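Below you'll find the structure, written out as structure tokens, and then a few comments.
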Amino acid sequence: MAYVGNASAGMTRPQVSPLAGEPIKRADAERLAGVLKAFADPARLRLLSLIQSAPEGEASVSDLTAPLGLSQPTVSHHLRILTEAGLLEREKRGVWAYYRLVPSAIATVADLLTPPRKRSARRNR
């Protein structure tokens, strides 16, 4: 199995949440904004959902075009954006590429957007 690209290379995660009560650095805000832009598209949100709910937790472009009702180049474009943002990883197998979620990246974004009071309450459950 050959992994193409590095999911963590797409986003160096900020160390400070914008909701932590202290100012977030400009570079951290720019990185987080890039990831949030990847989330902020209905087709990309559907792609994340379709991939997560796939039987093996992974899907190829050909698995995703019909459910989305989009062309192969458009689906590939959206997958590239999600991969570059570090939300998906891509594995090349022969001529096919399969995509799967990077749970740690999605959990990091969720943590960064959860106010610290709520975050500690969630962990204490």
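Because the structure is a prediction, the values reported are computed rather than measured.
A pairwise comparison of heavy atoms in L68 and A43 identifies CD2-O, 4.1 Å as the closest pair. Nearest heavy-atom pair, L50 versus P67, reported as atom, atom and distance to 0.1 Å: CD1-CB, 3.9 Å. Contact record, A105 with L87: CB-CD2, 4.2 Å, taken as the closest heavy-atom pair.
Cation-pi geometry between R93 and Y98 is met: the NZ or CZ atom falls under 6.0 Å from the ring centre, inside 45° of the normal.
Within the 3.5 Å criterion, the main-chain N or O of S49 finds a donor-acceptor partner in the side chain of S53. For the pair S76 (side chain) and Q72 (backbone), a donor-acceptor distance under 3.5 Å is present.
Remark: T83 OG1 to R100 CZ distance equals 11.0 Å, nearest 0.5 Å. Separating the CD atom in E91 from the OG atom in S60 is a distance of 12.0 Å, to the nearest 0.5 Å. The CZ atom of R46 lies 8.5 Å from the CG atom of L70; values are rounded to the nearest 0.5 Å. With rounding to the nearest 0.5 Å, the separation of CD1 in I51 from CG in D63 is 9.5 Å. How far CG of L101 is from CD of E58: 11.5 Å, rounded to the nearest 0.5 Å.
Just one of L47, V61, L82 meets the side-chain contact (heavy atoms from CB on, under 4.5 Å) condition when paired with Y99; it is V61.
Between R44 and L48 the shortest side-chain heavy-atom distance does not fall below 4.5 Å.
Both L88 and V109 are part of a single hydrophobic cluster, where members link through side-chain heavy atoms under 4.5 Å apart. Hydrophobic clustering of Ile, Leu, Val, Met, Phe, Trp and Tyr side chains at less than 4.5 Å, counting indirect connections, keeps V75 apart from W96. Linking ILVMFWY side-chain heavy atoms closer than 4.5 Å, directly or via other members, places I106 and I81 in two distinct hydrophobic clusters.
A54 meets the side chain to side chain contact (heavy atoms under 4.5 Å, CB included) test with no other residue; sequence neighbours excluded.
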Practice prompt. Just do the side-chain contact (heavy atoms from CB on, under 4.5 Å) check on H78 and L64 with the steps written out, would you?
Written response: CA-CA 11 Å; H78 288 303; L64 300 166; over 6 Å; no
